[in-house]
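Have a look at the structure below before the remarks.
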Amino acid sequence: GTYNPFPNCPFTGTIKPVYPLSKTRIVPDHIPRPEYAIDGIPREEQKREGEPPRLLALEEQEKMRRACRLGREVLDIAASHVRPGITTDEIDEIVHQATIERNAYPSPLNYRNFPKSVCTSVNEVVCHGIPDQRKLREGDIINI
């Protein structure tokens, strides 16, 4: 069955986690991984903390545009599946698969040990919601 892993947490809203979480989804070996994929630590990002943003070269700008288009495609696919009765874990599976099909790494996966391929924040969950077994209901607001 399902359970709330934080039974003593004084939640301020109605949304509660519904565990267990599904197993970590697999990324095929041929897909390049970010440095944090193994241990969750974004070392390069930490090295640049406090530095001004770096201006991208034209080639890098084009790569950024491609990545943004890919991200938009995947988000559109995820949004097309939102309906009452679907779980946020099922949305995570859809996002994971769509990202893998595009030979990309789902960037939230293991970033600072985040366990899923997308963040799904429902109703009063402000950000970084972890996809779980809770089914969406009519009238829920979801941020993917």
Side-chain angles (χ1 to χ4, degrees), residues 2-83 86-137 139-144:
T2 60
Y3 65 95
N4 173 0
F6 312 106
N8 298 320
C9 180
F11 292 98
T12 58
T14 60
I15 301 295
K16 312 277 187 298
V18 183
Y19 279 46
L21 295 180
S22 60
K23 291 183 180 181
T24 301
R25 301 188 200 291
I26 303 300
V27 177
D29 290 338
H30 73 276
I31 293 177
R33 283 151 171 72
E35 63 174 348
Y36 58 80
I38 294 172
D39 64 6
I41 302 170
R43 288 177 179 79
E44 286 301 315
E45 179 182 302
Q46 290 173 336
K47 285 181 195 174
R48 294 189 308 268
E49 245 175 52
E51 293 180 10
R54 186 176 61 82
L55 296 177
L56 300 178
L58 291 177
E59 181 180 307
E60 293 171 310
Q61 290 175 32
E62 187 50 42
K63 288 179 182 179
M64 181 69 78
R65 285 185 188 94
R66 282 192 305 246
C68 290
R69 278 192 294 273
L70 182 149
R72 176 78 267 156
E73 284 176 21
V74 172
L75 284 173
D76 287 345
I77 290 167
S80 75
H81 287 82
V82 171
R83 59 174 163 61
I86 193 169
T87 66
T88 52
D89 186 64
E90 289 171 309
I91 293 170
D92 179 75
E93 183 176 16
I94 290 163
V95 166
H96 185 87
Q97 191 58 40
T99 305
I100 297 305
E101 287 170 1
R102 287 159 178 76
N103 290 312
Y105 184 89
S107 62
L109 186 60
N110 210 33
Y111 177 77
R112 298 186 184 264
N113 298 307
F114 190 81
K116 296 294 175 183
S117 296
V118 70
C119 300
T120 54
S121 301
V122 179
N123 298 339
E124 74 268 6
V125 177
V126 177
C127 64
H128 305 130
I130 299 172
D132 64 15
Q133 300 303 316
R134 181 186 178 277
K135 292 181 181 183
L136 294 180
R137 299 178 186 142
D140 278 347
I141 298 168
I142 183 169
N143 182 23
I144 302 172

What distance separates Arg134 CZ from Asp140 CG, expressed to the nearest 0.5 Å? 4.5 Å
Could you tell me whether the side chain of Asn110 reaches within less than 4.5 Å of the side chain of Arg33, counting heavy atoms only? no
Scanning both residues in full, the closest heavy-atom pair of Val27 with Pro106 reads CG2-CD, 4.1 Å
Evaluate the side-chain proximity of Pro28 to Ile100: yes if any heavy-atom separation is below 4.5 Å, no if none is. yes
Would you call Glu62-Arg69 a salt bridge at under 4.0 Å N-O? yes
So with a 6.0 Å cut-off around CD of Gln46, is the heavy-atom count from everything else above 12? yes
Working to the nearest 0.5 angstrom, can you tell me the gap between Leu70 CG and Leu75 CG? 9.5 Å
Give a yes or no answer on whether the side chain of Glu35 reaches the backbone of Glu44 with a donor-acceptor pair at less than 3.5 Å. yes
Within the structure provided, determine whether Tyr111 and Pro42 are in side-chain contact (heavy-atom separation under 4.5 Å). yes
At what distance, to the nearest 0.5 angstrom, does CG of Leu136 lie from CD of Glu90? 9.0 Å
Please check: side-chain N/O of His96 versus main-chain N/O of Ile26, any donor-acceptor pairing under 3.5 Å? yes
All heavy atoms of Leu109 vs all of Pro115, minimum pair found to be CD1-O, 3.8 Å
Nearest heavy-atom neighbours spanning Tyr105 and Ala37: OH-CB, 3.5 Å
Looking at side-chain heavy atoms only, is the closest gap between Arg112 and Glu45 below 4.5 Å? yes
Do other residues, nucleotides or ligands put more than 12 heavy atoms under 6.0 Å from Arg137 CZ? no
Can you give me the closest heavy-atom contact between Phe6 and Phe11, atom names plus distance? O-CE1, 3.8 Å
Side-chain donor or acceptor of Tyr36 paired with backbone N/O of Ser107 under 3.5 Å: yes
Nearest 0.5 angstrom please: Ile130 CD1 to Thr120 OG1, how far? 9.0 Å
Beyond-backbone contact of Thr87 with Val18, side-chain heavy atoms, under 4.5 angstrom: no
Less than 4.0 Å between a side-chain N and a carboxylate O, is that true for Lys116 and Asp89? yes
Using a 4.5 Å cut-off on heavy atoms from C-beta on, say whether the side chain of Arg102 contacts that of Glu73. yes
Can you name the nearest heavy-atom pair linking Pro131 to Leu21, along with the distance? O-CD2, 3.2 Å
Look up atom CZ in Arg72 and atom CD1 in Ile77, then write down how far apart they are to the nearest 0.5 Å. 11.0 Å
As an exercise, state the distance from CG of Asp132 to OG1 of Thr88, rounded to the nearest 0.5 Å. 4.5 Å
Would you name the heavy atoms of Asp92 and Val118 that are closest together and state the gap between them? OD1-N, 3.1 Å
Side-chain heavy atoms of Pro5 within contact of Pro17, under 4.5 Å: yes
